[in-house]
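Working notes, beginning with the structure itself.
On a predicted model such as this, the values are computed, not experimentally measured, just so you know. The first residue in the sequence is number 1, and the count goes up from there.
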Amino acid sequence: MGSENLIAGIPPTLSGLWSRLPIQPSPEDAGQVLRALSTHLASVLGCAEPQALMAYGASPGDSWIAESLPPSLCTPDVLGAAWERMMNARDRRTQGSHFTPRAVADRVVGLATSELELREFDRPLRVWDPAAGGGAFLLAAARAAERSTGTARGDIVRSLYASDIDSVALAVCDASLELWARGSGRIETSCCDALLDLDPSWPNQFDLVVGNPPFLGQLSQHTSRAASRRARLRSEYDEVAAGYVDEAGLFLHLALMRVSSSGVVALILPESLLAARDAGPLREACERRATLTSLW
């Protein structure tokens, strides 16, 4: 596949839908639109409306969704793309939130699962995305597991875990996988800052940790850590969290602490982590815990 396809964003064939989505809506208004979209997707896919978004009221006058989204484009991936499309620029910048195109997620997951030899698993793969957003990587992992093992979709989905600080994004992720499984299963979710507030009961022996954690460079006033957060991270991660290391690097460290000894971590990360001075302790910690097998 050519690089121009791997890095492409929203397909132009969805322009009708994107042009009518509200921009910078309140979380409640966004939730209503997303619920209406998920209801339409469910009707086309032939399954029940996802429970994950039912907390939001019905969106009035939502017939335009069906008019703008032909059946051939009704895939679970559309839900996460629509949520990212509606986010305001400030939130995207300060949270480091960016939708990952399906082709990129599939490629990264493919590199990871080639190391795991999925056909040898006698149980569903346990996968975690610590900053899951709309669920692009968990959808990719679910598709890979189904192709390689033939496991039932409900069983695959029930072995997937997602955490995120954004409750709407997490509901979108949950709903997307529920749609993919045609209502036969739901993922485990935790709305939290995975770096600092992950539930102690959350599993810590994942087969695969995958995702696109927030890029929060510390040289910009929009993404630099507050003093209180710097102190908490330093207390939790010691020298790995010192200086100006990008917060995405701390997600890498967290992933390595939570993956099993035979598991794989596959994350999209900023290039600065390869050479920046303040990322040195992180690189040393990675070398102690893991072996680098692929760099794309």
Determine, using the 4.5 Å side-chain heavy-atom cutoff (strictly less than), whether [X] and [Y] are members of one ILVMFWY cluster.
X	Y	result
Leu41	Leu17	yes
Leu295	Val104	no
Met54	Leu45	no
Val78	Val44	no
Val245	Leu292	no

Once rounded to the nearest 0.5 Å, what's the spacing between atom [atom1] of [X] and atom [atom2] of [Y]?
X	Y	atom1	atom2	answer
Ile187	Leu177	CD1	CG	5.0 Å
Leu111	Leu116	CG	CG	11.5 Å
Leu233	Leu196	CG	CG	4.5 Å
Asn212	Phe251	CG	CZ	10.5 Å
Leu170	Asp174	CG	CG	7.0 Å
Asp278	Leu273	CG	CG	11.0 Å

Just so I know, are the side chains of [X] and [Y] near enough to count as touching, which here means a heavy-atom distance under 4.5 Å?
X	Y	result
Leu256	Cys286	yes
Cys191	Ile165	no
Trp64	Leu21	yes
Glu188	Leu160	no

Say whether, by atom type as modelled, one donor and one acceptor occur between the side chain of [X] and the main chain of [Y] under 3.5 angstrom.
X	Y	value
Ser190	Cys192	no
Arg35	Tyr56	yes
Asp164	Gly133	yes
Ser235	Ala231	no
Ser68	Ile65	no
Arg283	Ala276	yes
Arg258	Pro203	yes
Glu178	Gln51	yes

Who passes side-chain hydrogen bond (donor to acceptor under 3.5 Å, both in side chains) against [X], sequence neighbours left out?
X	result
Asp155	Arg158
Thr189	none
Arg123	Asp207

Exercise. May I ask you to decide whether Arg289 forms a salt bridge with Glu284, counting only side-chain N to carboxylate O separations under 4.0 Å?
Key: no

Quiz item: Going by an N to O cut-off under 4.0 Å, is there a salt bridge joining Asp106 and Arg147?
Solution: no

Self-check item: Side-chain H-bond candidate by donor/acceptor type, Ser272 with Asp246, under 3.5 Å
Solution: no

Self-check item: From CA spacing to verdict: side chain to side chain donor-acceptor pair (under 3.5 Å), Ser163, Trp128
Solution: CA-CA 8 Å; Ser163 53; Trp128 176 36; 3.1 Å; yes

Practice problem: Check the pair Leu125, Phe206 against side chain to side chain contact (heavy atoms under 4.5 Å, CB included), reporting the backbone distance first and the verdict last. | Solution: CA-CA 8 Å; Leu125 199 67; Phe206 289 99; over 6 Å; no

Exercise. Show your working on side chain to side chain contact (heavy atoms under 4.5 Å, CB included) between Val108 and Thr100 and close with a plain yes or no.
Key: CA-CA 11 Å; Val108 173; Thr100 305; over 6 Å; no

Exercise. Kindly indicate, with the supporting measurements, whether the criterion side chain to side chain contact (heavy atoms under 4.5 Å, CB included) is fulfilled by Leu267 and Val265.
Key: CA-CA 7 Å; Leu267 299 175; Val265 172; 3.9 Å; yes

Quiz prompt | Closest non-hydrogen atom pair between Leu79 and Leu179, with its separation | solution = CD2-CD1, 4.2 Å

Exercise. Kindly determine whether Arg234 and Arg229 satisfy side chain to side chain contact (heavy atoms under 4.5 Å, CB included), including the steps that lead there.
Key: CA-CA 8 Å; Arg234 186 65 188 268; Arg229 183 171 180 80; over 6 Å; no

Exercise. Please determine if Arg153 forms a cation-pi arrangement with Trp180, meaning its NZ or CZ atom is less than 6.0 Å from the six-membered ring centre and no more than 45° off the ring axis.
Key: yes

